[in-house]
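Single-structure report; data block below.
Whatever order the structure lists them in is the order used to number ligands and atoms, beginning at 1. For the numbers below, each heavy atom of this structure counts, side chains included, while hydrogens, waters and symmetry mates do not. Count residues from 1 along the sequence.
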Amino acid sequence: MKILCAVKRVVDYNVKIRVKTDQTGVETANVKFSMNPFDEIAVEEAVRLKESGAATEIVVVAVGPTAAQETLRTALAMGADRAILVQTDLETQPLGVAKALKAIVAKEAPGLVIVGKQAIDDDCNQTGQMLAALLGWGQGAFASKIAAANGELTVTREVDGGMETIALPLPAVVTADLRLNEPRYATLPNIMKAKKKPLEIVAPDALGVDLTPRLTVLKVEEPPTRSAGVKVPDVATLVAKLKNEAKVIP
Ligand code: AMP
């Protein structure tokens with residue numbers, strides 16, 4: 001079975017995000033970029049499935065600028081076999097990315113697609129779901145455990161208040177949640193080996209996909225700063241304040 005993983009280049013999760021002064025977005029100049037953390041989990045799971053004998057090849061795909069090649073190389077160093085960059089300088093949005101992934105699925109015919117549950121830059125949590133719908137495939141979103149056997153996939157999903165276990169016929173789309181695994185670090189020898197692995201660059205036009213954004217961001221704002229707290233002398237004052245000032249208890 002071939003596995004396709006989507007990896008997005010995003011602002012590194014350690015970076016303190018600054019909103020641009022004109023409120024059109026967040027500052028990306030001179031900022032560190034890395035692989036979206038949920039995509040590291042997706043790639044790790046694919047590598048583990050390959051190591052267990054359940055998969056034979058892992059293809060990683062990024063939709064983004066030339067610099068997204070670095071993200072793909074990281075995935076190759078973690079254990080993916082081949083990479084494809086759908087190159088665009090446009091801002092990518094879930095529907096466009098899902099259409100590009102659908103076109104790659106048509107070429108590659110994977111048995112399983114694993115994407116992250118959400119990209120930490122746009123927080124959309126839509127691409128995997130949209131891809132499954134476009135393909136007409138089943139989906140296991142927010143997976144915290146995956147097992148493949150006899151052409152079927154068992155996925156344990158994190159749902160409100162508990163876990164749900166579902167069986168999916170393959171091919172299917174899975175989105176990786178935080179507790180699925182702990183991704184490995186790429187070792188130096190593997191980083192060196194990754195430089196020689198194949199990385200194909202395709203234009204969206206060649207896939208017949210239009211990546212023009214369908215949504216316009218009107219405004220981005222910092223969250224409001226929290227006002228300072230006060231110390232209360234006793235429980236009675238606290239209850240009175242909760243009742244009369246905060247109005248959170250009747
Ligand atoms: P989102 O729907 O934007 O929150 O993204 C969910 C997942 O879709 C991400 O974790 C990635 O696996 C995948 N994805 C989204 N955008 C891209 C992109 N530009 N390139 C590759 N994968 C992407």
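- Backbone and side-chain nitrogen or oxygen atoms of Lys117 are examined, and none is located within less than 3.5 angstrom of a nitrogen or oxygen of ligand 1.
- Counting non-hydrogen atoms of neighbouring residues, nucleotides and ligands closer than 6.0 angstrom, the NZ atom of Lys145 reaches no more than 12 such neighbours.
- Within ligand 1, the atoms closer than 4.0 Å to a non-hydrogen atom of Cys124 are 1 (P), 2 (O), 3 (O), 4 (O), numbered from 1 in the order shown.
- Note on ligand 1: Val61 sits in its first shell, one or more heavy atoms being nearer than 4.0 Å.
- Closest of all the heavy-atom pairs between Gln93 and Arg214 is OE1-N, 3.0 Å.
- Heavy-atom proximity to Thr92, at under 4.0 Å, picks out these atoms of ligand 1: 19 (N).
- Contact annotation for Ala62 and ligand 1: only backbone heavy atoms (N, CA, C, O) come within less than 4.0 Å of the ligand.
- Heavy-atom contacts of Val115 reach the following atoms of ligand 1: 12 (O) (cutoff under 4.0 Å).
- From the protein, the heavy atom lying nearest to atom 16 (N) of ligand 1 is Lys8 CD, 3.4 Å.
- Heavy-atom proximity to Val7, at under 4.0 Å, picks out these atoms of ligand 1: 20 (N), 21 (C), 22 (N).
- Within a 6.0 Å sphere centred on CD of Glu51, other residues, nucleotides and ligands contribute more than 12 heavy atoms.
- Residue Asn125 approaches ligand 1 through these ligand atoms, each under 4.0 Å from one of its heavy atoms: 1 (P), 2 (O), 4 (O).
- Between Lys8 and Val97 there is no side-chain heavy-atom pair separated by less than 4.5 Å.
- Contacts of Thr127 with ligand 1, taken as heavy-atom pairs under 4.0 Å, involve both backbone and side chain.
- Nearest to atom 19 (N) of ligand 1 by heavy-atom distance, out of Val63, Val43, Val10, is Val63.
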Would you check, one step at a time, whether the test salt bridge (Lys or Arg N to Asp or Glu O under 4.0 Å) holds for Glu158 with Lys117? CA-CA 11 Å; Glu158 299 203 12; Lys117 85 158 176 184; over 6 Å; no

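- Residue contacts with ligand 1 for Thr175 are absent, since no atom lies close enough (heavy atoms, distance under 4.0 Å).
- Counting atoms of ligand 1 from 1 in the listed order, those under 4.0 Å from a heavy atom of Asn36 are 9 (C), 10 (O).
- Contact atoms of ligand 1 toward Val97: 16 (N), 17 (C), 18 (C), 19 (N), 23 (C) (distance under 4.0 Å to a heavy atom of the residue).
- Between Met78 and Glu44 the shortest side-chain heavy-atom distance falls below 4.5 Å.
- Counting all heavy atoms, side chain and backbone alike, Asp81 lies closest to Leu76 at C-CD2, 3.7 Å.
- Across Phe38 and Ala176, no two heavy atoms sit closer than the pair CD2-O, 3.5 Å.
- The shortest N/O to N/O separation between Gly116 and ligand 1 falls below 3.5 Å.
- Taking any N or O of Ala119, backbone or side chain, at least one lies under 3.5 Å from an N or O belonging to ligand 1.
- Close contacts between ligand 1 and Asp122 involve ligand atoms 1 (P), 3 (O), 4 (O) [criterion: under 4.0 Å to a heavy atom].
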Does the pair Thr66 and Gln87 meet the rule for a side-chain hydrogen bond (donor to acceptor under 3.5 Å, both in side chains), with working shown? CA-CA 6 Å; Thr66 310; Gln87 192 165 17; 2.5 Å; yes

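- For Lys243, the NZ atom counts as loosely surrounded, since its 6.0 Å shell holds 12 or fewer non-hydrogen atoms of other residues, nucleotides or ligands.
- Atom CE of Met192 has 12 or fewer heavy atoms from other residues, nucleotides or ligands within 6.0 Å.
- In terms of polar-atom proximity, Asp123 is not counted as a contact of ligand 1, lacking any N or O under 3.5 Å from an N or O of the ligand.
- The protein atom (non-hydrogen) at minimum distance from atom 22 (N) of ligand 1 is Ala6 CB, 3.4 Å.
- A pairwise comparison of heavy atoms in Ala141 and Thr175 identifies CA-OG1, 3.2 Å as the closest pair.
- Among all protein heavy atoms, the one lying closest to atom 9 (C) of ligand 1 is Asp39 OD1, 3.4 Å.
- Here the straight-line distance linking atom CG of Leu170 with atom CE of Met1 works out to 6.0 Å at 0.5 Å rounding.
- Looking at ligand 1, you won't find any N or O of Pro94 less than 3.5 Å from one of its N or O atoms.
- Ligand 1 does not have Gly64 within reach: every non-hydrogen atom of the residue lies 4.0 Å or more from it.
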